[in-house]
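Only one structure is covered here, and it is reproduced in the block below.
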Amino acid sequence: MSTIPAFGVGTFRLTGQDAIDSVRNALDVGYRAIDTAQIYGNEAEIGQAIAASAIERDALFLTTKIWTDNYARDRLAPSLRESLQKLRTDYVDLTLIHWPAPGNGVALAEFMEALAEAKAQGLTRQIGISNFNIELTRQAIAVVGQGEIATNQIELSPYLQNAKLTAFLQAHDIAVTSYMTLAYGKVLKDPLLTGIAAKHGATVAQVALAWALQLGYAVIPSSTKRENLASNLLARDLKLDADDMASIATLERNGREVDPEGLAPLWD
């Protein structure tokens, strides 16, 4: 079974000083897992923030994602080496294929083999996938072997609960990492979640994150605000009851926020 931290900080859409400040603040308030990607354009800033923090490398869990331009066998490991230079580290803890990109011209078998080779070379401790449906996850397992895929990082929120895919992943001992758990902030205004938050003296963000954690998912929320970063972490201490969880289950509406043409699979 993979070892994926349950709580990390995301860095999607954070660039320049915003990325540096967010990661610095996250590390200050207690985060030790940081999620980035080649396409985010912020790996160097994250490396800078980590270097300034004086936190030991082995106390951190760094995830990056290979962008579609680098899926070819002769590009994947060299691109990951570039990421390591930017992050100022000899290895990352987890490397994901960012999107299946079925029309990309590089076969799934080629990029999964190249990812496994990068692990064998010591560039990454674990490997995984992101935005893969059930069929493509099956194909990825067939290439690298059962037990090799640490996680599938997918969009998940109270409005997009992905029950079929998450059940499949959990049955195959593949950790589920939830991104966009707050649905770009849309869930924060939800009356049902607002009621649950009031009952527990919590924020709505904490309720949504606690919901995902209680289902066994890892979460990687991001924020540019130090107080929100600290507040989100408290979701780890929030225990929702069975009624809360059953109520949140009714919010499913297939509310997908991210579905880029040419990159996304046919969703389950």
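Here the structure is a predicted model, which is why all the values come from computation and not from measurement.
- In the model, Ser231 has a side-chain atom that pairs as donor or acceptor with a side-chain atom of Gln206 under 3.5 Å.
- Under the 4.5 Å side-chain heavy-atom criterion for Ile, Leu, Val, Met, Phe, Trp and Tyr, Trp99 and Val176 are members of the same hydrophobic cluster.
- To the nearest 0.5 Å, atom CG of residue Leu60 and atom CG of residue Leu27 are 6.0 Å apart.
- To the nearest 0.5 Å, atom CG of residue Asn133 and atom CZ of residue Phe168 are 9.5 Å apart.
- One N or O on the side chain of Thr166 and one on the backbone of Asn162 form a donor-acceptor pair closer than 3.5 Å.
- The hydrophobic cluster containing Ile97 also contains Leu84, counting ILVMFWY residues as joined when their side-chain heavy atoms lie under 4.5 angstrom apart, directly or transitively.
- Of all the heavy atoms in Tyr217 and Ser178, the pair that sits closest is CB-CB, 4.4 Å.
- When the salt bridge (Lys or Arg N to Asp or Glu O under 4.0 Å) test is applied to Asp28, the partners found at least two apart in sequence or on another chain are Arg226.
- Glu155 places no side-chain N or O within 3.5 Å of a backbone atom of Arg256 that could act as its donor or acceptor partner.
- Ser83 is not listed as a side-chain neighbour of Val92, based on a closest heavy-atom distance of 4.5 Å or more.
- Rounding to the nearest 0.5 Å gives a distance of 8.0 Å between OG1 of Thr68 and CG of Asn70.
- Judged by distance alone, the side chains of Gln121 and Glu117 never bring a donor and an acceptor atom under 3.5 Å apart.
- Closest approach of Ser130 and Leu96 over heavy atoms only: CB-CD1, 4.3 Å.
- Put simply, Leu160 and Ile220 are part of two different groups of oily side chains (I, L, V, M, F, W, Y) that touch within less than 4.5 Å, one to the next.
- Side chains of Asn232 and Tyr31: no donor on one and acceptor on the other come within 3.5 Å.
- Cation-pi geometry between Arg57 and Tyr91 is met: the NZ or CZ atom falls under 6.0 Å from the ring centre, inside 45° of the normal.
- Side-chain N or O atoms of Gln170 include one that pairs as donor or acceptor with a backbone N or O of Leu215 at under 3.5 Å.
- Closest of all the heavy-atom pairs between Ala116 and Ile127 is CA-CD1, 4.1 Å.
- Leu62 is connected to Ile55 through a chain of hydrophobic side-chain contacts under 4.5 Å among Ile, Leu, Val, Met, Phe, Trp and Tyr, so both are in one cluster.
- Residues Pro5 and Arg32 form no side-chain contact, since every pair of their non-hydrogen atoms from C-beta on lies 4.5 Å or further apart.
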* Walk me through it: do Glu110 and Leu76 pass the test side-chain contact (heavy atoms from CB on, under 4.5 Å)? => CA-CA 10 Å; Glu110 180 176 338; Leu76 193 144; over 6 Å; no
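- Taking a 6.0 Å sphere around CG of Asp237, one finds it holds more than 12 heavy atoms contributed by other residues, nucleotides or ligands.
- Between the side chain of Asn228 and the main chain of Ser223, no donor-acceptor pair closer than 3.5 Å is present.
- Relative ring orientation between Tyr71 and Phe111 is described as tilted, the plane-to-plane angle lying within the 30° to 60° band.
- The hydrophobic clustering, which links ILVMFWY residues whose side-chain heavy atoms are closer than 4.5 Å, places Val207 and Leu229 together.
- A distance of 4.0 Å separates CD1 of Ile174 from CD1 of Ile141, quoted to the nearest 0.5 Å.
- At distances below 3.5 Å, not a single donor-acceptor pair connects side-chain atoms of Gln126 with backbone N or O atoms of Leu94.
- The side-chain heavy atoms of Leu108 and Phe132, taken from C-beta on, include a pair separated by under 4.5 Å.
- Annotation: side chain of Arg88 is not in contact with side chain of Ile50 (no heavy-atom distance under 4.5 Å).
- With Gln161 contributing its side chain and Pro158 its backbone, the two residues share a donor-acceptor pair below 3.5 Å.
- Between Lys199 and Asp243 there is no salt bridge, since no side-chain nitrogen of the basic residue lies less than 4.0 Å from a carboxylate oxygen of the acidic one.
- Judged purely by atom type and a 3.5 angstrom limit, Asp18 has no side-chain atom pairing as donor or acceptor with the backbone of Thr15.
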Report, one line per pair, each donor and acceptor closer than 3.5 Å where one atom sits in a side chain of residues 182-195; sequence neighbours left out.
residue	atom	partner	partner atom	Å
Lys186	NZ	Glu257	OE1	3.0
Lys186	NZ	Glu257	OE2	3.1
Asp190	OD1	Leu192	N	3.0
Asp190	OD1	Leu193	N	3.1
Asp190	OD2	Tyr159	OH	2.5
Thr194	OG1	Asp190	O	2.6

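- Within 6.0 Å of the NZ atom in Lys164, the count of heavy atoms belonging to other residues, nucleotides or ligands does not exceed 12.
- Trp267 and Asn254 form no side-chain donor-acceptor contact under 3.5 Å, judged by distance and modelled atom types alone.
- Separation of atoms CD (Glu135) and OG1 (Thr137) is listed at 9.0 Å; rounding is to 0.5 Å.
- For Glu56, the CD atom is loosely surrounded, since the number of other residues' heavy atoms within 6.0 Å does not exceed 12.
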* To do: Applying side-chain hydrogen bond (donor to acceptor under 3.5 Å, both in side chains), run through Thr177 and Thr151 and close with a yes or a no.
  => CA-CA 7 Å; Thr177 303; Thr151 192; 2.8 Å; yes
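- Side-chain contact between Ser79 and Ile66 is present, with at least one heavy-atom pair separated by less than 4.5 Å.
- Across all non-hydrogen atoms, the minimal contact from Ile149 to Ala140 is CD1-CB, 3.6 Å.
- With 3.5 Å as the limit, one finds no donor-acceptor pair spanning the side chains of Thr36 and Glu43.
- Closest of all the heavy-atom pairs between Ala49 and Val23 is CB-CG1, 3.7 Å.
- The backbone N or O of Ala19 sits nowhere less than 3.5 Å from a side-chain atom of Asn42 that would complete a donor-acceptor pair.
- Taking the side chain as every heavy atom from C-beta outward, Thr224 and Asp21 never approach each other to under 4.5 Å.
- In the model, Gln153 has a side-chain atom that pairs as donor or acceptor with a side-chain atom of Asp35 under 3.5 Å.
- Using a 4.5 Å heavy-atom cutoff, the side chains of Arg81 and Leu123 are in contact.
- A tilted orientation is assigned to the rings of Phe12 and Tyr40, their planes being inclined by 30° to 60°.
- In this structure, Asn131 contributes its side chain and His98 its backbone to a donor-acceptor pair below 3.5 Å.
- Residue Ala212 comes nearest to Val219 through the heavy atom pair CB-CG1, 3.6 Å, listed as atom of the first residue, atom of the second, then distance.
- Note that CZ of Phe61 and CD1 of Ile34 are 11.5 Å apart. Values are rounded to the nearest 0.5 Å.
- Annotation: side chain of Leu115 is not in contact with side chain of Val144 (no heavy-atom distance under 4.5 Å).
- Legend: residues meeting ring-ring contact (aromatic ring centres under 6.0 Å, His included) with His200, ordered by chain and number and at least two apart, are absent.
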